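Quick note: residue numbers are just sequence positions, from 1. This one's a predicted model, so the numbers in the text were calculated from it and none came from an experiment.
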Amino acid sequence: MDPTPSTDQISFEVPQLFRIFHSGRIERLLGTQIVPPSTDPQSGVQSKDVLISPQAGLSARIFLPRITDPTRKLPLLVFIHGGAFCVETPFSPQYHNHVAALSAGANAVALSVDYRRAPEHPLPAAYDDAWEAAQWAVAHFDGDGPEAWLNDHADFGRVFVAGDSAGANIAHYVVRRAGVDGLGQVRIVGLVAFHPFFGDDGHNKLLEIIFPTNGGSGDPRLNPGSDPELASLGCEKVLVLVAEKDFLRERGWAYYEAVKKSGWGGKLEIVETEEEGHVFHLHNPTCDKAVALMKKVVSFLSEE
């Protein structure tokens with residue numbers, strides 16, 4: 001007889017993230033609320049959900065800002081959410097609102113990727129899904145892809161990739177792979193890494209669960225500083241965002257320094273927010289420092 005939730009014993013727990021039970025059942029403790037796609041009455045940003053790969057169950061939420069000139073193409077932002085590779089989705093209220101705000105502020109089409117999450121789908125599943133989503137998006141380059149909003153409105157000469165925390169890690173992977181392997185005829189202008197999460201030790205219990213095949217501290221997906229191809233990063237500029245009281249602050253700075261020393265020839269910038277913690281802009285988006293942070297990012301996404 002299968003155990004009931006009341007008798008099932010916990011075999012592993014990450015506080016505030018998830019529990020794994022002896023039966024194999026997984027309980028997420030964060031990011032389980034979802035909101036439907038909608039039209040924002042103030043900004044006019046529309047959203048809808050799209051299926052990218054039925055085989056992998058890969059989907060995304062796409063955002064379209066208010067269209068004032070149907071003949072004008074808009075930048076494309078591929079956004080990858082955070083959550084330790086384990087929790088949250090593009091359909092979580094804070095990520096829906098965040099990406100909608102980026103779409104409105106930068107006047108950009110945004111594709112928020114719903115990658116498969118650990119521990120049910122250990123890494124590198126999330127990396128593979130993000131790359132597949134990027135390939136799916138750029139397949140609309142000639143205007144004959146399956147999604148009309150991308151065909152009609154996206155400018156593939158102005159593509160950006162962004163993510164926060166674990167999503168910044170994945171976003172880096174996508175841009176790095178684009179530089180090494182190529183990504184069609186698109187032009188990736190920039191990468192935005194909000195409070196990026198990279199491993200600095202290579203081995204711990206969480207990594208054993210969510211990424212059992214990782215290569216340790218020398219794995220370039222966890223430690224870009226060990227990547228011999230980091231100089232091939234496939235974009236023209238990078239914006240790294242860190243926060244003074246973030247437990248990942250030093251890792252964000254280490255990423256900045258690694259890119260700086262790699263020989264990559266693009267424009268690199270880092271901005272540190274004082275007196276704030278990890279992804280504070282998601283938790284308190286209307287505070288002055290979050291507004292200033294978003295203004296900086298929107299400027300980055302709006303500039304050539």
Flag, side chain of Trp264 to backbone of Val259, donor-acceptor distance under 3.5 Å: no

Nearest-0.5 Å distance, OG of residue Ser11 to CD1 of residue Ile209: 7.0 Å

pair Pro285-Gln94: side-chain heavy atoms closer than 4.5 Å: no

Basic-acidic side-chain contact under 4.0 Å: Glu147, Lys48: yes

Lys289 NZ/CZ over Phe280 ring centroid, <6.0 Å and within 45° of normal: no

Any side-chain heavy-atom pair of Pro196 and His172 under 4.5 Å: no

Inter-residue atom distance Asp246.CG - Arg251.CZ, 0.5 Å rounding: 10.0 Å

Salt-bridge contact Lys245-Glu276 (side-chain N to carboxylate O under 4.0 Å): no

Ser92 side, atom OG; Ile34 side, atom CD1 - distance, nearest 0.5 Å: 8.5 Å

Side-chain (Asp114) to main-chain (Thr89) donor-acceptor, under 3.5 angstrom: no

Sub-4.5 Å side-chain heavy-atom contact between Glu236 and Ile188: no

CG-CG distance between Asp128 and Leu123, expressed to the nearest 0.5 angstrom: 9.0 Å

Rounded distance (nearest 0.5 Å) linking atom CG of Leu207 with atom CG of Leu222: 6.0 Å

Arg25 to Phe21, cation-pi by 6.0 Å centre distance and 45° axis angle: yes

Test item: Asp219 side-chain N/O and Arg221 main-chain N/O as donor-acceptor pair under 3.5 Å: yes

Nearest heavy-atom neighbours spanning Phe18 and Cys86: CE2-SG, 3.5 Å

Arg66 side chain near Gln46 side chain, heavy-atom distance below 4.5 Å: no

Which atom of Leu74 lies closest to which atom of Ile67, heavy atoms considered: CD1-CD1, 3.8 Å

Check: Leu239 and Val271 side chains under 4.5 Å, non-hydrogen atoms: yes

Phe91 to Ser59 - nearest heavy-atom pair and separation: CZ-OG, 3.9 Å

From CA spacing to verdict: ring pair (Phe, Tyr, Trp, His ring centres under 6.0 Å), His81, Tyr115: CA-CA 9 Å; His81 72 82; Tyr115 56 84; 4.4 Å; yes

Ionic contact status for Lys260 with Glu269, cut-off 4.0 Å: no

Residue pair Phe63 / Ser112, side-chain heavy-atom distance below 4.5 Å: yes

Mutual orientation of the aromatic rings belonging to Phe79 and His98 [parallel < 30°, tilted 30-60°, perpendicular > 60°]: perpendicular

CA sep, side-chain torsions, deciding dist, call: Val189, Lys237, side chain to side chain contact (heavy atoms under 4.5 Å, CB included): CA-CA 6 Å; Val189 179; Lys237 59 181 184 175; 3.9 Å; yes

Side chain to side chain contact (heavy atoms under 4.5 Å, CB included) evaluation trace for Leu301 with Arg158: CA-CA 9 Å; Leu301 298 174; Arg158 290 185 294 161; over 6 Å; no

Mutual orientation of the aromatic rings belonging to Phe247 and His278 [parallel < 30°, tilted 30-60°, perpendicular > 60°]: perpendicular

Test side chain to side chain contact (heavy atoms under 4.5 Å, CB included) applied to Trp136 and Leu111, step by step: CA-CA 11 Å; Trp136 177 86; Leu111 185 75; 4.0 Å; yes

Side chain to side chain, Phe300 and Val192, heavy atoms closer than 4.5 Å: yes

NZ/Lys73: more than 12 non-hydrogen atoms of other groups inside 6.0 Å: yes

Over 12 foreign heavy atoms within 6.0 Å of CG, Asp181: yes

Heavy-atom closest contact (Leu183 atom, Gln135 atom, distance): CD1-CG, 3.9 Å

Derivation of the salt bridge (charged side-chain N to carboxylate O under 4.0 Å, His left out) call for Arg176 and Asp227: CA-CA 10 Å; Arg176 182 261 191 199; Asp227 185 1; 2.8 Å; yes

Side chain to side chain contact (heavy atoms under 4.5 Å, CB included) evaluation trace for Asp164 with His195: CA-CA 6 Å; Asp164 68 285; His195 306 171; 5.8 Å; no

side-chain hydrogen bond (donor to acceptor under 3.5 Å, both in side chains) assessment of Asp8 paired with Ser23: CA-CA 7 Å; Asp8 202 0; Ser23 66; 2.4 Å; yes

Close side-chain approach of Val113 to Val78, heavy-atom, < 4.5 Å: yes

Trp131 versus Ala178, closest heavy-atom pair with distance: CZ3-N, 3.6 Å

Arg28/Glu120 salt bridge by N-O under 4.0 Å criterion: yes

Tyr255 and its side chain to side chain contact (heavy atoms under 4.5 Å, CB included) partner, picked from Ile270, Leu248, Val240: Val240

Leu51 versus Leu58, closest heavy-atom pair with distance: CD1-O, 3.5 Å

Thr32 side, atom OG1; Glu27 side, atom CD - distance, nearest 0.5 Å: 9.5 Å

Cluster link Leu191 to Val298, ILVMFWY, side chain under 4.5 Å: no

